[in-house]
Amino acid sequence: MPLDIKPSLSGSFGEIRSTHFHSGTDFRTNQREGYPVYAVSDGFVSRLKVQIGGFGNAVYLTHPNGYTTVYAHLQRFNSTISRVITARQYRTHSFAVDIPLLAIEIPVKKGDIIAWSGNSGGSAGPHLHFEVRDSRTEDIVNPVLLGIDIPDNIKPTISGLYMYRLNGLPFNESTVRQSFELIGNNGNYKLNKAPIINFSGDIGFGISAYDLQPAGNRNGIYSIELQLDKATIYESELNQFSFYTSGAVSSHMDYPYNKRSGRTVIKSFVEPGNPLKIYKSLVNRGVINISDDQIHELRYIVKDVKGNTSTVNFRIRYNAKSVITPSYPEGLKKFSYNQANEYATSDFIIKVPAGVLYSDLNFRYSKGPPKGYSAVHRVHTPLIPIEGSYDLWIKVDPSLPVELQSKALIVNERGRSLGGNYANGYIKTSSGSFGEFNVSVDNTAPVIRPINIKDGMSVSGIPVLRFRISDNLSGISNFSATIDGQWVLTEYDPRNGSAWHTLDKSMASGKHHLQFSVTDVKGNSKTYNAIFYK
């Protein structure tokens, strides 16, 4: 049963954008915020969330037909929702809150204003992030299939064709990739020069394509089908997917090429550890293995959600002389995608659980010169994506003072903290990527810079007290403000380090004591004190 969502989600929104595995749909506001956001259907507020980063301010509405809609990066909430959130923040002494609600607490009707669009959390610009989820499984459902009518008669654009020489080996950053120029328009494309593509061994294909909407947005492709001699060997379709495996877009695409060039190529073969459920009609995971001397016809069929279709036809032929030998770096140990893997030296340990890798890999490791309080440990390559995280131990140098053991952590090649805790001579942490790592120390307190407040000043005419806060390494863990010894709400935007407190209009006139404290992940704290007058 589709949602009845004919009214606009947010007044005056003119553009809609959804990309490959972006978890929802973004309604752009032409770089403005503060548009009203309406409930798309009857239901109730089932969850409220204020988050540092991520969704920022978010509302979840559950509807009687089994769907939940999510509205994120909001500027502010309606008065009913605001009261619930503020009460929880003061009760828990926390800006960040996550509040589940019962159906009877905040019912909503279709068309009710629940919030206003904004730029909160990890937003890259003012917009409304909108999702539809299956209430039971939390799977993300393509909202365009549930009643959002977006006029579109533009066929997808196919901008590139790629062939991968797999040769029975796992796909990785060393897989030989060949590109072929395409010509055409209005949905019909063909190879520009090569009438027949010669190959030998196992091969796979991929394409660069996008869906241009009338508003001018370049969207991801809804459906990709690859046929071999008129039989489908690969098909992907973005109807819905699990929120918990959305990171596997890194396996859906040619991740190493994307990291190197910024170009997105969607692979038409599936790695064995890819958990996405968007694939169907797969033959040999989309990998082609032909050894006859016949010419074979291939055809890509690319569709947007409105059914606008583009195709590219091309031919391939096995040629034993068409050999390109890849240069695969040697590994120290084979890591299997479907089982737990471990590697250890005298000062380094890595444990990779089953299901973290998308394909088998020949694990590579080397040790560099000392840096900080350990050697630099080079762990495979960041060009290989992973699902989730793995555990990492690095032995600390004996020169690390005992009093700094609790301040030690692991940093990557960019000097960014991965956190970690000291135990038995090692720092242990988890990482969501491969790369270079070493042990460092954070014993520096955060910085608090008052913007419009100083000791002894009058705040008459100043509705909001503003600060800039920052930390040099481990990151801000918590912050708290009191006025005259009573906790008050301080809000925070980590993108620019802004922190602010909105003064209570009913605050008594006279002298007041402000105390604002910030603590980083390693327990280093800074406190700012000021007397002000109202």
Side-chain angles (χ1 to χ4, degrees), residues 33 49-57 73 75 89 92-97 118-126 371-373 403-422 427 429-433 435-457 459 462-483 487-503 513-532:
E33 53 186 300
K49 193 170 186 179
V50 176
Q51 185 179 16
I52 297 174
F55 275 179
N57 298 327
H73 303 309
Q75 180 194 69
Q89 288 172 323
T92 60
H93 288 187
S94 174
F95 166 64
V97 291
N119 190 28
S120 61
S123 169
K371 186 176 182 180
Y373 287 96
E403 64 271 19
L404 291 182
Q405 290 176 354
S406 65
K407 306 295 184 181
L409 43 69
I410 292 176
V411 297
N412 63 16
E413 61 270 20
R414 297 184 301 276
R416 296 180 180 175
S417 170
L418 278 70
N421 294 297
Y422 178 90
I427 303 296
T429 193
S430 296
S431 177
S433 63
E436 296 184 3
F437 309 102
N438 66 277
V439 174
S440 186
V441 163
D442 182 3
N443 61 345
T444 303
V447 173
I448 301 174
R449 184 164 65 92
I451 301 301
N452 64 348
I453 177 72
K454 63 181 179 179
D455 190 43
M457 73 176 287
V459 298
I462 300 177
V464 179
L465 304 182
R466 299 186 181 277
F467 303 85
R468 295 280 186 187
I469 61 177
S470 61
D471 186 66
N472 70 315
L473 185 54
S474 62
I476 291 171
S477 174
N478 57 70
F479 51 90
S480 180
T482 63
I483 294 179
W487 187 89
V488 294
L489 176 63
T490 306
E491 301 178 72
Y492 174 53
D493 185 343
R495 293 169 301 175
N496 55 24
S498 294
W500 64 95
H501 166 66
T502 302
L503 290 167
H513 176 211
L514 167 70
Q515 186 174 80
F516 181 38
S517 298
V518 181
T519 304
D520 68 17
V521 172
K522 282 300 175 179
N524 305 298
S525 294
K526 182 74 171 181
T527 299
Y528 174 81
N529 287 277
I531 299 296
F532 67 88

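Starting from 1, each residue takes its place in the sequence as its number. The structure displayed is predicted, hence computed values, not measured ones. What's counted below: heavy atoms across the whole structure, side chains too, no hydrogens, waters or symmetry copies.
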Checklist entry - Partners of Glu436 by salt bridge (Lys or Arg N to Asp or Glu O under 4.0 Å), sequence neighbours excluded? => result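 Listed in chain order: Arg378.
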Checklist entry - What pairs with Arg495 under salt bridge (Lys or Arg N to Asp or Glu O under 4.0 Å), at least two apart in sequence or on another chain? => result Asp493
If every non-hydrogen atom of [X] is compared with every non-hydrogen atom of [Y], which pair is closest and at what distance?
| X | Y | value |
| --- | --- | --- |
| Ser417 | Val411 | CA-CG1, 4.1 Å |
| Ala445 | Asn524 | CA-CB, 3.7 Å |
| Leu473 | Val441 | CD2-O, 3.8 Å |

Checklist entry - Taking it one step at a time, do Asp520 and Ile476 satisfy side-chain contact (heavy atoms from CB on, under 4.5 Å)? => result CA-CA 4 Å; Asp520 68 17; Ile476 291 171; 5.5 Å; no
With sequence neighbours left out, write down each residue that passes side chain to side chain contact (heavy atoms under 4.5 Å, CB included) with [X], or none if nothing qualifies.
| X | value |
| --- | --- |
| Thr444 | Asp442, Asn472 |
| Val521 | Ser474, Ser477 |
| Tyr422 | Val396, Gln405, Ile427 |
| Thr482 | Gln515 |

Roughly how far apart are [X] [atom1] and [Y] [atom2], rounded to 0.5 Å?
| X | Y | atom1 | atom2 | answer |
| --- | --- | --- | --- | --- |
| Ser123 | Gln75 | OG | CD | 11.5 Å |
| His513 | Phe532 | NE2 | CZ | 9.5 Å |
| Asn119 | His73 | CG | NE2 | 8.5 Å |
| Met457 | Asn452 | CE | CG | 6.5 Å |
| Ser517 | Asn478 | OG | CG | 9.0 Å |
| Ser120 | Tyr492 | OG | OH | 14.5 Å |

Next on the checklist: Check whether Lys522 reaches the backbone of Asn443 with its side chain - one donor and one acceptor, N or O, closer than 3.5 Å.
Outcome noted: no
Checklist entry - Who are the ring pair (Phe, Tyr, Trp, His ring centres under 6.0 Å) partners of Phe95, not counting sequence neighbours? => result none
Results of side-chain hydrogen bond (donor to acceptor under 3.5 Å, both in side chains) for [X] - residues two or more places apart only:
| X | result |
| --- | --- |
| Gln51 | none |
| Lys371 | none |
| Ser431 | none |
| Thr519 | Ser525 |

Checklist entry - Do Thr429 and Leu409 come close enough that some side-chain heavy atom pair is under 4.5 Å? => result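 Not in contact.
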Let me check something: any side-chain donor-acceptor pairs from residues 462-470 under 3.5 Å, sequence neighbours excluded? List them with distances.
unit_1: Arg468; atom_1: NH1; unit_2: Asn496; atom_2: O; d: 2.8
unit_1: Arg468; atom_1: NH1; unit_2: Ser498; atom_2: OG; d: 2.8

Checklist entry - Passes side-chain contact (heavy atoms from CB on, under 4.5 Å), Ile483 versus Leu503? Steps please. => result CA-CA 10 Å; Ile483 294 179; Leu503 290 167; 4.1 Å; yes
Item to check | Trace of the side-chain contact (heavy atoms from CB on, under 4.5 Å) decision for Phe516 with Ile453 | outcome: CA-CA 12 Å; Phe516 181 38; Ile453 177 72; over 6 Å; no
Item to check | side-chain contact (heavy atoms from CB on, under 4.5 Å) between His93 and Leu489, intermediate numbers included | outcome: CA-CA 8 Å; His93 288 187; Leu489 176 63; over 6 Å; no
